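Keep in mind the model is a prediction, meaning the values are calculated, not measured.
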2 protein chains.
Amino acid sequence: MKSEHIPKATIARLATYIQVLSEFKREGTDVVSSERLAEACAVNSSQIRKDLAYFGEFGVRGVGYYVQDLITSIKRSLGIDRAWNCGLVGVGNLGRALLRHREFPRKGFIIRGAFDCDPYKIGEIVEGMEIVCSRQLPAKVKELSLEIGIITTPPERAQRAANYLVGAGIKGIINFAPSRISVPSHIHLEYVDFFHHFYAAAFHIRFADHQE
Amino acid sequence: MKSEHIPKATIARLATYIQVLSEFKREGTDVVSSERLAEACAVNSSQIRKDLAYFGEFGVRGVGYYVQDLITSIKRSLGIDRAWNCGLVGVGNLGRALLRHREFPRKGFIIRGAFDCDPYKIGEIVEGMEIVCSRQLPAKVKELSLEIGIITTPPERAQRAANYLVGAGIKGIINFAPSRISVPSHIHLEYVDFFHHFYAAAFHIRFADHQE
DNA sequence: ACTGGAATGTGAATTTTTTAACAAAAGCTC
DNA sequence: GAGCTTTTGTTAAAAAATTCACATTCCAGT
Ligand SMILES: NC(=O)c1ccc[n+]([C@@H]2O[C@H](COP(=O)([O-])OP(=O)(O)OC[C@H]3O[C@@H](n4cnc5c(N)ncnc54)[C@H](O)[C@@H]3O)[C@@H](O)[C@H]2O)c1
Ligand SMILES: NC(=O)c1ccc[n+]([C@@H]2O[C@H](COP(=O)([O-])OP(=O)(O)OC[C@H]3O[C@@H](n4cnc5c(N)ncnc54)[C@H](O)[C@@H]3O)[C@@H](O)[C@H]2O)c1
């Protein structure tokens with residue numbers, strides 16, 4: 001099929017598929033049907049086939065999908081068949097957790113620069129990386145070819161951090177701070193908000209719709 | 001209106017509305033129109049009115065919404081007009097960041113229990129809280145009236161952690177580990193997955209659809 | 001009290017997403 | 001290599017979510 005517009009929900013599901021497929025692979029399963037994958041991901045099987053159809057034809061009729069091949073194909077489809085250099089702004093509690101997280105490099109997102117404005121933190125080494133002054137952002141973005149900026153500053157500083165990143169020539173921003181920020185339209189912006197999951201949990205527990 | 005089924009997306013947006021409304025409040029704005037709120041949240045204004053209509057009528061025609069009142073109304077609608085006791089399982093990098101995060105208690109999610117299975121961690125004090133052995137989970141869930149479980153163990157341990165939590169009588173689970181888990185249908189389960197945001201960023205940067 | 005202006009709440013129209021259904025294709029058996 | 005079984009890719013149908021459009025309601029000013 002190979003289509004133009006891809007739903008946001010599809011991207012989120014593809015991430016799940018990769019996760020579950022990786023588990024299948026670890027268990028030694030070589031081939032899965034959309035039916036079986038769907039069950040493990042708690043979605044409908046045509047949903048899976050449709051999601052994949054946006055990007056190409058990856059299965060074999062009458063057989064299913066070869067697990068390793070499908071992982072590779074999805075990764076290529078998403079553009080994560082290569083490494084992405086990331087810069088993290090705001091080395092506090094959350095920033096440190098991200099810096100220390102082994103899964104980032106393993107998944108191809110390599111945090112190459114860590115920036116903070118606090119003079120007590122500058123120069124400190126976290127997970128083998130020296131914390132650098134935010135003012136050096138423009139220089140470092142170029143030097144290290146950083147493409148994705150991660151914002152983990154307090155919310156009131158997020159806009160400033162974004163401005164620095166945009167000015168330095170970053171291509172996408174992932175904002176963990178709970179504040180809306182504005183960036184030029186050619187910069188891709190993602191908000192990460194844990195709290196809505198907590199809200200959703202509270203809501204469903206409180207007003208229990210035990211129907212799903 | 002007051003409707004039955006509420007879209008997941010609506011819940012996520014309500015979280016955004018609260019965020020933006022809180023900013024308005026801080027700036028001293030008393031009244032907003034759906035138009036102005038929509039602009040700040042980057043959504044359509046009827047979207048906002050429709051989202052709110054699921055829960056009741058909170059505005060004044062010809063005027064707009066009183067900021068503080070609306071915050072209160074949304075919070076009541078979501079069931080976050082009271083505190084929720086949470087228990088966190090797996091006090092590693094991410095678990096610590098969450099424990100130290102001041103925003104949780106401020107938003108009404110109070111982490112009252114921290115559990116780990118590592119004997120070197122048990123007994124340690126983090127943010128004024130003693131890390132307790134996972135085996136004590138059932139006892140503590142009752143003692144502290146924990147309702148929401150937060151899983152921040154490694155992925156291969158997430159199912160076990162969930163089993164403990166469910167057995168102990170928890171009502172909802174928020175899983176930060178990248179693995180699918182199964183729980184009885186009366187337990188509300190939320191997955192938090194940062195990576196799909198990174199995937200989305202990579203995808204959009206790589207195959208730039210500058211049309212959004 | 002009456003009028004004009006403004007912005008909500010909501011039914012209808014539109015768009016998007018999900019699910020169902022099935023023809024086409026691949027492998028397996030005999 | 002024909003027929004049977006299986007499961008994909010895709011088209012059509014259904015469902016859900018979003019946006020439009022406007023009658024309704026409220027406030028302010030006169
Ligand atoms: N900690 C969590 O678990 C958690 C969870 C969800 C969201 N968040 C959000 O993530 C952000 C960070 O949280 P945290 O707990 O790590 O906070 P933190 O206060 O521990 O860390 C913030 C860091 O940002 C640095 N900083 C401030 N302004 C800066 C600037 N202009 N340039 C560069 N660095 C700057 C500070 O020096 C500090 O090191 C916050 O917005 C928070 O709301 C945190
Ligand atoms: N660190 C991050 O930034 C980050 C980001 C996204 C997702 N995650 C996910 O969150 C989880 C935790 O990440 P982390 O970096 O904190 O890992 P970590 O290894 O630092 O921490 C895991 C903790 O869980 C404890 N644990 C293991 N099994 C347990 C059990 N059965 N009961 C109780 N405790 C147990 C371990 O002792 C350890 O303290 C992982 O699944 C990770 O993939 C982490």
OP1 or OP2 of dT5(D) less than 4.0 angstrom from a side-chain nitrogen or oxygen of Arg61(A), does that happen here?
no
Could you tell me whether the side chain of Leu37(B) reaches within less than 4.5 Å of the side chain of Val20(B), counting heavy atoms only?
yes
Rounded to the nearest 0.5 angstrom, the CG-CG distance for Leu94(A) and Leu99(A) is 9.5 Å
If I take atom CD in residue Glu57(B) and atom P in nucleotide dT24(D), what distance separates them, rounded to the nearest angstrom?
14 Å
Does Lys8(A) or Val63(A) map to a spot on DNA chain C nearer the 5' end, using the closest nucleotide for each?
Lys8(A)
Which atom of Ser182(B) lies closest to which atom of Gln159(B), heavy atoms considered:
N-OE1, 2.9 Å
If you check the Gln47(B) side chain, which of dT18(D), dT8(C), dA21(C) turns out closest?
dT18(D)
Glu35(B) CD to dA21(D) P: how many Å, rounded?
14 Å
Scan Ser46(A) against the nucleic acid and name what it touches under 4.0 Å (heavy atoms): base, sugar-phosphate only, or nothing.
base
Which listed nucleotide (dT19(D), dA26(C), dT19(C)) is nearest to the side chain of Lys50(A)?
dT19(C)
How many Å lie between CD on Glu39(A) and P on dT7(D), as a whole number?
13 Å
Could you tell me how far apart Asn44(A) (CG) and dT19(C) (C1') are, to the nearest whole angstrom?
5 Å
Ignoring backbone atoms, test whether Arg13(A) places a side-chain nitrogen or oxygen under 4.0 Å from the OP1 or OP2 oxygen of dT18(C).
yes
Rounded interatomic separation in angstrom, taking CD1 from Ile11(B) and C1' from dA17(D):
15 Å
Verify the contact: side-chain N or O of Ser34(A) to OP1 or OP2 of dT8(D), cut-off strictly under 4.0 Å; return yes or no.
yes
Over-ring placement of Arg36(A) relative to Phe24(A), 6.0 Å and 45° cut-offs
yes
Nearest to the side chain of Ser33(A) - dG9(D), dC20(D), dT7(D)?
dT7(D)
Send over the distance from Arg49(A) CZ to dT19(C) P, rounded to a whole Å.
12 Å
Of Gly62(A) and Thr10(A), whose nearest nucleotide on DNA chain C comes first from the 5' end?
Thr10(A)
May I ask you to evaluate whether Tyr65(A) reaches the phosphate of dG9(D), defined as a side-chain N or O under 4.0 Å from OP1 or OP2?
yes
Could you give the CG-to-P distance, from Leu52(A) to dG9(D), as a whole number of Å?
7 Å
Once the angle between the rings of His101(B) and Phe195(A) is folded into 0 to 90°, is it parallel (under 30°), tilted (30 to 60°) or perpendicular (over 60°)?
tilted
Using whole Å, report how far CZ of Phe55(A) lies from P of dT10(D).
14 Å
